[in-house]
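Numbers for residues simply follow the sequence, beginning at 1. Every heavy atom of this structure was used, including side-chain atoms; hydrogens, water molecules and symmetry mates were not.
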Amino acid sequence: MPGRRAGPNIVDDTRTDPPTKRVPPIRRRSLGAASFDWVSITPHHDDAEYPTRLEPKLEGIRLHEWAHAHRQRIQQLLTEKRALLFRGFDLGGAAGFGNVVDALSNGPRLPYRDRSTPRIAHGDNIYCTTMYPPDQTIRLHNEGSYWSAWPLKAFFGCVTAPPVGGETPIGDVHRVHERIDPDVRREFDARRWMLVRNYHDGFALPWQDVFQTSSRSEVEQYCGEHGIELEWLGPDRLRTRQVRAAIQTHPWSGEPLWFNHAAFFHVQSREPALRDALLREFGVDELPYQTFFGDGVTIPDDVVRHINDAYEAERTMFRWQPGDLHLIDNMRLAHARQPYQGDRLILVALTEAYATPSS
């Protein structure tokens, strides 16, 4: 099958970079066009395309001020490079992170609704990343591919880096698309894919958290507006189905993208012990999450494994450092999470909703 690399690229960033020159803090009013050259732009890895690292040559540059002064050039760089890692700047905590997000986005930060994992808010539409057991891996996925409109940009900001693990891998889903067997691609392109969710009391998220409301009528309105089929199974039990395109075209480049959660939410993608426990407890029809072809037909397990192998072959990652900000093109690059030990706080914000007629 087509592909560029034989396996994931994992790099441990342990080198020591030369110290930056000490200068007084830079004020926004002094950031003219020439200040773009105060930052070095280099590949973060010698043997991987993503991400591109931006690092100040001078100390005291506040990232949100520098980003505000050069937002157009940074957008051009993101269009070209797809993933930008800002390292060594004065990020300014959660508030500074939000300011950078606003400086580099067209429009407001997006709310996290129709959510699949618990989140804690750290500001206006700024959240922690997925709260999931630290010993577990979260597979590569594009944020919001099962929504009717999804973010073009995803921002990640490191407040606390764990001492062990906790990386946020990324993977190029155009290359994932190219790795997947053409017959599999054609079948998904024709049939699309379906996500079925059962909202069980005490397991996974209740529907009140998913839709951020306790009103059944508000849930019905939201689902009606976003192409989600809804079925109440009891006083407080809900099942939803949503059918989405499996392959999208990138709005900037026109390239085909494997842009879906079809393998991610499939029970075959769970760790074996968890998969067996879920099937014993719920059976296939009552699983909290399960995916099918868009016509409701079962996706074969070997197809799910093949798709997951394609993702894994494109995975690359770096070690977080406190103050890092990672901006990715959410349509081109999937992201994941490695197991970790110790404390970890990575902030996330999503911006610039986008949809196509085929979605």
Side-chain angles (χ1 to χ4, degrees), residues 4-20 39-57 61 63 66-67 74 77-91 93 96-97 100-101 104 128-130 132 134-143 153-176 311-350:
R4 188 181 58 88
R5 293 195 299 272
N9 178 23
I10 303 174
V11 176
D12 185 11
D13 298 337
T14 56
R15 71 185 188 285
T16 301
D17 293 325
T20 53
V39 171
S40 66
I41 302 172
T42 58
H44 190 61
H45 306 317
D46 292 335
D47 56 352
E49 184 175 352
Y50 306 115
T52 292
R53 187 175 74 247
L54 287 82
E55 201 161 19
K57 301 174 185 176
I61 300 179
L63 180 53
W66 185 82
I74 295 170
L77 194 62
L78 178 65
T79 301
E80 178 186 354
K81 301 296 187 181
R82 311 295 185 165
L84 306 179
L85 174 63
F86 299 86
R87 172 165 287 181
F89 290 87
D90 178 2
L91 181 59
F97 172 77
V100 177
V101 172
L104 297 180
C128 67
T129 49
T130 297
Y132 198 65
D135 62 334
Q136 300 293 310
T137 298
I138 301 174
R139 291 182 181 271
L140 286 166
H141 60 285
N142 299 85
E143 202 67 38
K153 294 177 181 176
F155 295 79
F156 301 90
C158 180
V159 176
T160 304
V164 178
E167 298 90 347
T168 301
I170 54 177
D172 186 323
V173 295
H174 171 63
R175 294 177 182 151
V176 171
Y311 277 113
E312 286 301 301
E314 288 299 333
R315 186 176 65 159
T316 184
M317 65 187 186
F318 61 89
R319 294 279 298 150
W320 283 113
Q321 293 184 13
D324 282 353
L325 186 144
H326 193 199
L327 166 59
I328 67 172
D329 171 351
N330 180 58
M331 285 196 70
R332 180 64 180 262
L333 295 176
H335 62 277
R337 193 210 69 186
Q338 290 294 97
Y340 66 94
Q341 299 174 20
D343 294 332
R344 180 183 190 268
L345 177 57
I346 309 297
L347 302 178
V348 62
L350 310 171

- [ ] Could you pull out the closest heavy-atom pair between P51 and H45, with the gap in Å?
- [x] CD-NE2, 4.2 Å

Task: Validation row: R175, E49 side chains within 4.5 angstrom (heavy atoms) - done: yes

- [ ] Mind checking the OG1-CG spacing from T52 to L77? Nearest 0.5 Å is all I need.
- [x] 6.0 Å

- [ ] Flag the pair R315 / Q338 as yes when at least one side-chain heavy-atom distance between them is below 4.5 Å, and no otherwise.
- [x] yes

Task: Heavy-atom pair with the smallest gap, counting every atom of L78 and A83 - done: CD1-N, 4.1 Å

Open item on the list: Show me the pairs that pass ring-ring contact (aromatic ring centres under 6.0 Å, His included) and involve residues 156-176, at least two apart or across chains.
Closed with: F156-H335

Open item on the list: To check you understand the geometry: which heavy-atom pair defines the closest contact between G171 and L140, and what is its length?
Closed with: N-CD2, 3.8 Å

Task: Interatomic distance, H44 atom NE2 to L84 atom CG [nearest 0.5 angstrom] - done: 12.5 Å

Open item on the list: Can you give me the closest heavy-atom contact between E143 and L350, atom names plus distance?
Closed with: CG-CD1, 3.7 Å

TODO: Sequence neighbours left out, what passes side-chain hydrogen bond (donor to acceptor under 3.5 Å, both in side chains) with D329? Give chain and number order.
DONE: R82, H250

TODO: Write out all pairs satisfying salt bridge (charged side-chain N to carboxylate O under 4.0 Å, His left out) with one or both partners inside residues 153-163, taking only residues at least two apart or from two chains.
DONE: K153-E352

Task: Nearest-0.5 Å distance, SG of residue C158 to CZ of residue F86 - done: 15.5 Å

Open item on the list: Would you say that more than 12 heavy atoms from the other residues, nucleotides or ligands in this model lie under 6.0 Å from the CG of D135, or not?
Closed with: yes

Open item on the list: Determine whether V100 and L327 satisfy the following criterion, side-chain contact (heavy atoms from CB on, under 4.5 Å), listing intermediate values before the conclusion.
Closed with: CA-CA 10 Å; V100 177; L327 166 59; over 6 Å; no

Task: Contact summary for C128 and V348, nearest pair of heavy atoms - done: O-CG1, 3.7 Å

TODO: Find out whether P56 and R87 are in side-chain contact, i.e. whether some heavy atom of one side chain is under 4.5 Å from a heavy atom of the other.
DONE: no

Open item on the list: Rounded at 0.5 Å granularity, tell me how far CG in L85 sits from CD1 in I328.
Closed with: 12.0 Å

Task: Worked check of side-chain contact (heavy atoms from CB on, under 4.5 Å) between F318 and D324 - done: CA-CA 11 Å; F318 61 89; D324 282 353; 4.3 Å; yes

Task: Which residues share a side-chain hydrogen bond (donor to acceptor under 3.5 Å, both in side chains) with S40, sequence neighbours left out - done: none

Open item on the list: Tell me the closest heavy-atom pair linking I74 and A67, and the distance in Å.
Closed with: CD1-CA, 3.7 Å

- [ ] Identify, with sequence neighbours excluded, every residue that meets side chain to side chain contact (heavy atoms under 4.5 Å, CB included) alongside R344.
- [x] T129, P162, T168, W320, R337, Y340, I346

TODO: For D172, check side-chain hydrogen bond (donor to acceptor under 3.5 Å, both in side chains) against everything at least two apart and list the hits.
DONE: Y50, R332

Open item on the list: Parallel, tilted or perpendicular, judged at 30° and 60°: which one describes the rings of W66 and F89?
Closed with: tilted

Task: Donor-acceptor under 3.5 Å (N142 side chain, L333 main chain) - done: yes

- [ ] Would you give the length of the straight line joining atom CG of L54 to atom OG1 of T42, rounded to the nearest 0.5 angstrom?
- [x] 8.0 Å

